[in-house]
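Below is one structure, written out as structure tokens; the observations come after it.
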2 protein chains.
Amino acid sequence: MVSIVSVAKAAGVSNKTVSRVINGEPHVTEDTRERVEKAIRDLGYIPNMAARQIRSSRSNTFGIITDYVSTTPYSVDIVRGIQDWANRHGKSILMANTGGLPEREAEIWKMFQSHRIDGVLYVTMYHRVVDPEAGDVSIPTVMINCRPHTSELLPSIEPDDFQGARDLTRYLLERGHRRIGYIRLNPILLGAELRLDAFRRTVKEFGLAESDLSIRLGMEGPVGAEENYVFAAATEMLQQKDRPTAIMSGNDEMAIQIYIAALTSGLRIPQDVSIVGFDDFRTVSLALKPELTTAALPYYDLGFQGAEWLNSVISEEMVRASRRVISCKLVERASVCAL
Amino acid sequence: MVSIVSVAKAAGVSNKTVSRVINGEPHVTEDTRERVEKAIRDLGYIPNMAARQIRSSRSNTFGIITDYVSTTPYSVDIVRGIQDWANRHGKSILMANTGGLPEREAEIWKMFQSHRIDGVLYVTMYHRVVDPEAGDVSIPTVMINCRPHTSELLPSIEPDDFQGARDLTRYLLERGHRRIGYIRLNPILLGAELRLDAFRRTVKEFGLAESDLSIRLGMEGPVGAEENYVFAAATEMLQQKDRPTAIMSGNDEMAIQIYIAALTSGLRIPQDVSIVGFDDFRTVSLALKPELTTAALPYYDLGFQGAEWLNSVISEEMVRASRRVISCKLVERASVCAL
DNA sequence: TTGTAGGCGTTATCAC
DNA sequence: GTGATAACGCCTACAA
């Protein structure tokens, strides 16, 4: 493998000079610089990160530790956001996922440390509260799409489920809907409570009574193996005499079943029932016809800003834990009509 | 940072002895070994991969280079398969994606080389033919879900789209369907041709005439910004006088639109129309009611076996390029009925 | 069974 | 502006 020494020889300079050129340090004649650069090109020299790291004790690598993210369709955009930030700033990404197993998590932290990564992004697939097994170690960490269980130990960056659901609810109210159905997300998800809470409050502020609402549980049980009541709940809801004129779905995926339930019941969307989702999981929200009005979970930004934040935590060594929130933009499409 | 030297001092032995213990080499008294291990625990020593790598010129790291995989819901399971293999075998994963930009691809190869990764897994989101910009370098590489453009330069591992579509077609034929509709995948995807070809041949072998078939294009144009004709095509197909009794969908996602088209046209699934998908993208195939019968793309296995293969290419230094294919298992659910 | 010396590819230090 | 030399943490080779 061609090293800095071979380049130095080829260019007829010392290795330190080559190092200077590589790192863009000053105090090198334009002439020498060019000779060195030519040698680098000729020999196809590529710096060895491992060696560099040994000296500088900086790996320029971030670790991503996920539960199932890399595994699930929903939040992959977080990873994309991180990657984009990383390669704009010359960082590399080491990635591992726990598959939900705590013992794996411990191994991963060890692996990360053995690579002397500069920091960790702790990412979850669903917005939730977690207990990172980090333990003893004090690697700078930023949590993405989740928050630490034990108080505010670590910085975290999360979607604003509350605001998203509030905007969606207002959107329906402003369009004249007064009987609104709501099919709930699995309660073990943090978003479930936040969204439902936003819905309830907004509707109340607007003066609707609890009896105008029809709230059903869509799913429950462990993620990945949940009981699914969505289709049944929607069907039942829509066959009531005073059926809602609009339904808020816990998320876009559940909206598929609501669409099918509505159509099967002979109702047209949106003329007979309006439907809104949550997430803007485009594989679904754009495949549904009419296309689904929904609130977009800011996954990409969560990742991008999370990486940026981690970087500043690392360099400024300020570990002031705090919580940041990114808003969910309402995406208006065709599944809602005004009354 | 605590190094091998500090451990040696603490244990009152030489650094070489510590090295022996760490690497499980023989010729160490049980007594010394215990002393060293205690020191390691006490000091919280973790080996430095970078330093190790410099000596051994083996990084024990694989690079994953993707187009949009990490970005899209479909094939994330490939990444999970790779990760699972990797951590069962003590390898780390360095990950980057090109976002489809060739210039990014070149940078990524450079980044990989600077980390002296042992091998590369070149992964695409859709089954397709590609032209890796690897170029000059000779890092061991295995292609996953794609194949090299220029002959058989690199080993590749791919799903058996043909077999999957054939099995699905037979499944319909065996259940008495004789008028079958087919809504095609975007033709720029490799799977589009393979699946359609399998459909046509199987149906012909069975003795059906071209006139029993109704084949429409579902999508076309650049991936991510395609024209979508699925809903219109399905609606039209289902409102013919001699409408098909079954429809094969290019994939599960497109099946959403076919379901909606059928229901909107007042048809019941599967009593009036049977529908099959492709991919087993479970977010969709399980959300549809009745649940979708489909062929499962073996993403996880693609990843797992790809990683394994790469490893053997690296260690046996056998770069014999060849193509492997993994079958798509038929997943029977409730969207088809026998006539 | 254990230890010493040297070197991997870098960068830091300090002298020229 | 440039270079010799040491040092980072580990492993290999060889010696004791």
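Each chain gets a letter, A, B and so on, in the order its sequence line appears, and its residues count up from 1. No experiment lies behind these values; they were computed from the predicted model shown.
- Remark: the backbone N or O of A:Ser59 is paired with a side-chain donor or acceptor of A:Asp118 at under 3.5 angstrom.
- Summarising the geometry, the separation between CG on A:Asn15 and C1' on D:dA7 is reported as 13 Å, rounded to the nearest angstrom.
- Looking at A:Asn23 and A:Arg52, their side chains come closer than 4.5 Å, going by heavy atoms from C-beta outward.
- Salt bridge status for A:Glu107 with A:Arg104: present, with a side-chain N to carboxylate O gap under 4.0 Å.
- Nucleic acid contact class of A:Pro47 (heavy atoms, under 4.0 Å, all strands): sugar-phosphate only.
- Of the two residues contacting DNA chain D, namely A:Thr29 and A:Arg116, the nearest-nucleotide position lying further toward the 5' end is that of A:Thr29.
- Atom CG in A:Asn60 sits about 15 Å away from atom P in C:dT10, given to the nearest Å.
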Next item on the list: Begin from the C-alpha positions of B:Asn48 and A:Gln53 and carry the test side-chain contact (heavy atoms from CB on, under 4.5 Å) through to its verdict.
Entry: CA-CA 10 Å; B:Asn48 183 328; A:Gln53 185 210 120; 3.7 Å; yes
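- Spacing between atom NE2 of A:His115 and atom P of D:dG9 amounts to 17 Å, rounded to whole angstrom units.
- Candidate nucleotides D:dG1, D:dC10, C:dT10 were compared by shortest atom distance to the side chain of A:Ser3, and C:dT10 ranks first.
- Rounded to whole angstrom, the span from the CD atom of A:Gln53 across to the C1' atom of D:dG9 amounts to 10 Å.
- One donor-acceptor pair, N or O on each side, does fall under 3.5 Å between the base of C:dG3 and the side chain of B:Arg20.
- When the side-chain nitrogen and oxygen atoms of A:Ser14 are compared with OP1 and OP2 of D:dT2, none of them lie within a distance under 4.0 Å.
- The side chain of A:Asn23 has C:dT11 as its nearest neighbour among C:dG3, C:dT11, D:dT2.
- Mapping B:Pro26 and B:Ala51 onto DNA chain C via the closest heavy atom, the residue that lands nearer the 5' end is B:Pro26.
- Side-chain nitrogen and oxygen atoms of B:Thr17 include none within less than 4.0 Å of the OP1 or OP2 phosphate oxygen of C:dT2.
- Residue A:Asn48 contributes atom CG, which lies 16 Å from atom P of D:dG9 at whole-angstrom precision.
- Comparing C:dG9, D:dT2, D:dA4 against the side chain of A:Ile54 picks out C:dG9 as the nearest.
- Residue contacts for B:Val5: at a heavy-atom cut-off of 4.0 Å it reaches no nucleic acid atom on any strand shown.
- Between the A:Asn97 side chain and the A:Thr66 main chain, no donor and acceptor come within less than 3.5 Å of each other.
- Spacing between atom CD of B:Gln113 and atom P of C:dG9 amounts to 15 Å, rounded to whole angstrom units.
- One can place CD of B:Glu25 at 13 Å from P of C:dT1, the figure rounded to the nearest angstrom.
- As a whole-Å value, the separation of B:Ile4 CD1 from C:dT4 P is 14 Å.
- Interface remark: the A:Arg55 side chain does form a donor-acceptor pair with the D:dA7 base, using a distance-only criterion of under 3.5 Å.
- In this structure, of D:dG9, D:dG3, D:dC11, it is D:dC11 that holds the atom nearest to the side chain of B:Arg52.
- In this structure, the side chains of A:Asn87 and B:Met111 stay at 4.5 Å or more apart for every pair of heavy atoms.
- Phosphate contact (OP1/OP2 of C:dT2, side-chain N/O of B:Thr32, threshold under 4.0 Å): present.
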